[in-house]
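By convention in this document, chain letters (A, B, ...) are assigned in the order of the sequence lines, proteins followed by strands, and residues within each chain are numbered from 1. Just so it is clear, the values below take in all heavy atoms, side chains as well, and ignore hydrogens, waters and symmetry mates. The shown structure was predicted, so the numbers you read here are calculated from the model rather than taken from an experiment.
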There are 2 protein chains.
Amino acid sequence: MQPDIAIVASLIGETTRARMLTALMGGKALTATELAVEADITAQTASSHLSKLVTGQLLIVRKQGRHKYFQLKGPKIAALLETLLNISTDIASTRPAVTTGPADPRLRAARVCYDHLAGELSVKLFDSLIVKKLIIQEAEQVQLTAQGQDFFADMGASIAPSKSKRPLCKSCLDWSERRSHLAGITGQWILNDLFKQGWAHKDLDSRIVQFSQRGLRLFRKKYAIEG
Amino acid sequence: MQPDIAIVASLIGETTRARMLTALMGGKALTATELAVEADITAQTASSHLSKLVTGQLLIVRKQGRHKYFQLKGPKIAALLETLLNISTDIASTRPAVTTGPADPRLRAARVCYDHLAGELSVKLFDSLIVKKLIIQEAEQVQLTAQGQDFFADMGASIAPSKSKRPLCKSCLDWSERRSHLAGITGQWILNDLFKQGWAHKDLDSRIVQFSQRGLRLFRKKYAIEG
DNA sequence: TCAATACTTCGACCGACAGCGTAGTATTAA
DNA sequence: TTAATACTACGCTGTCGGTCGAAGTATTGA
């Protein structure tokens, strides 16, 4: 009668699979072996987990030669994982702090969150967009202002609304900064633009976004982020 | 380094606990025995599960005499469960339909979804609010129009914004109707108002919202819902 | 054709944990 | 005080499922 929450949750609720899913939040499709390495298990075990995740509809798989590329099935799944991540962070922080240990500073600075930018820099970006009135925030909803639409259009961004059901802008709670950053189509465009301009590249084995000196300077200038 | 998604997900990812959590989505606090009955297990097992859910920060507990009342820890948790419910529904519907079985028609008609109204009637309500331009919907975001604010204010609704971080309006995908209905503070107010006016009452052992003949008529009139 | 790589299937092991029976401790009611 | 109710602690059992080794199937490249 009621859809079974438990089957989806139990798919995520296993350490190894959770690690794989988190790795895939980078948005990039990964092969079975890459995911096996990521989760630190053998290929056989990985294969078993991945088939479960695919039949469980959390992942989709694309076969290419002798490789199989896995990725999150869609934004809904990504959103679910983000929500889980946020709640887990909340919980972890209110628990007798055992291992609050300082995370990798580069990871704190800038990283990929599914398909948009997260970390310190992204929070500053968010603030700057607010100050420049390119976006407005009400409660948990974020919207592009007319100025904002012009701003992005001028840079050649094709972020048409209504194309999909996905919102143009969406605030996403940053689990390292505990503040909002920008998700949604616009957030995605900004990240892609970063890479296209060559201002930064994504580390292969992690979610770290590594800026070049020049890239960081130009990025800050473009979005008026104080140094 | 990274908060562990798996521990939260695994708490939900067990059939019995999932049933308890779903039962608590009614928003009402329930005692341990009530939850044990709901999940069809003994009191001992229920006790064990509930203590896990409390230490896992998904539930809070209030002791009252020899009873212990459990409820979801907050709207975030409720939102997580809703998201899971939606995704599970999606998945269930695209799977070789084994048990699409017709749910309890009363449950389909009107039920409680955490703290707001769900089901056929709620979808019609949502449509009507759109038509009357009391709310507007863009992508997945919903907002109260000026007219809408007046409308609810005239009825004595104290739905002030910015009070909490919770949005005034929020669309919530209905798992029986597969369409949007209204959540958020306004959605909550509407449900409470329903009960206060005596137009409907909530079944004790389920999430069914049972309208009286008169209540249904007045409700439809108030929100201009076609019969 | 042969070798190397990528992934899957099968079978076995084993640890984790849901479930319950028994026996407790609070709290209420008579 | 006694009895009943609500919940909890402990120990046991049975099962589910994650893990890997070994063997097998596809795909690529030489």
Could you tell me the separation between the [atom1] atom of [X] and the [atom2] atom of [N], rounded to a whole number of Å?
X      : N       : atom1 : atom2 : answer
L50(A) : dT19(D) : CG    : P     : 12 Å
Q64(B) : dA26(C) : CD    : C1'   : 15 Å
R62(A) : dT27(D) : CZ    : C1'   : 17 Å
L53(A) : dG17(D) : CG    : P     : 14 Å
L30(A) : dC7(C)  : CG    : P     : 11 Å
L35(A) : dG18(D) : CG    : P     : 16 Å

Exercise for review: Check whether any side-chain heavy atom of L80(A) lies under 4.5 Å from a side-chain heavy atom of L80(B), and answer yes or no.
Suggested key: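 Counting from C-beta outward, L80(A) and L80(B) do come under 4.5 Å.
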
Taking only side-chain N and O atoms of [X], does any of them lie within less than 4.0 angstrom of OP1 or OP2 on [N]?
X      : N       : value
T33(B) : dC7(D)  : yes
R17(B) : dA18(C) : yes
K68(B) : dT27(C) : no
K63(A) : dA6(C)  : no

Working for side-chain contact (heavy atoms from CB on, under 4.5 Å), residues K73(A) and L58(A): CA-CA 5 Å; K73(A) 195 183 176 194; L58(A) 295 187; 5.9 Å; no

- Task: Could you tell me whether T31(A) contacts a base, only the sugar-phosphate backbone, or nothing, with contacts defined as non-hydrogen atoms closer than 4.0 Å?
- Result: sugar-phosphate

TODO: Hey, can you tell me if F211(A) and F219(A) have their rings parallel, tilted or perpendicular (30° and 60° cut-offs)?
DONE: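 Ring orientation, 0 to 90° scale: tilted.
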
Mind listing the N/O atom pairs, protein and nucleotides 19-25 of chain C, below 3.5 Å?
from	atom 1	to	atom 2	distance (Å)
dG19(C)	OP1	T16(B)	OG1	2.9
dG19(C)	OP2	T16(B)	OG1	3.2
dG19(C)	OP2	H49(B)	NE2	2.7
dC20(C)	OP2	T42(B)	N	3.2
dC20(C)	OP2	T42(B)	OG1	3.3
dC20(C)	OP2	T45(B)	OG1	3.3
dG21(C)	N7	Q44(B)	NE2	2.8
dT22(C)	O4	Q44(B)	NE2	3.3

Those residues at least two apart in sequence (or on a different chain) that pass ring-ring contact (aromatic ring centres under 6.0 Å, His included) with W189(A) are F152(A)

Query raised in the report: Nearest to the side chain of R66(A), which nucleotide is it out of dT8(D), dA6(C), dA29(C)?
Result: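 Nearest nucleotide to the side chain: dA6(C).
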
Looking only at dA6(C), dA18(C), dG18(D), the nucleotide nearest the K52(A) side chain is dG18(D)

One pair to check against side-chain contact (heavy atoms from CB on, under 4.5 Å): T16(A) and T45(A). What are the steps and the verdict? CA-CA 10 Å; T16(A) 309; T45(A) 313; 5.7 Å; no

- Run the numbers on I77(A) and L59(A) for side-chain contact (heavy atoms from CB on, under 4.5 Å), then give the verdict. CA-CA 9 Å; I77(A) 305 295; L59(A) 299 184; over 6 Å; no

The side chain to side chain donor-acceptor pair (under 3.5 Å) partners of K222(A) (sequence neighbours excluded) come to D193(A)

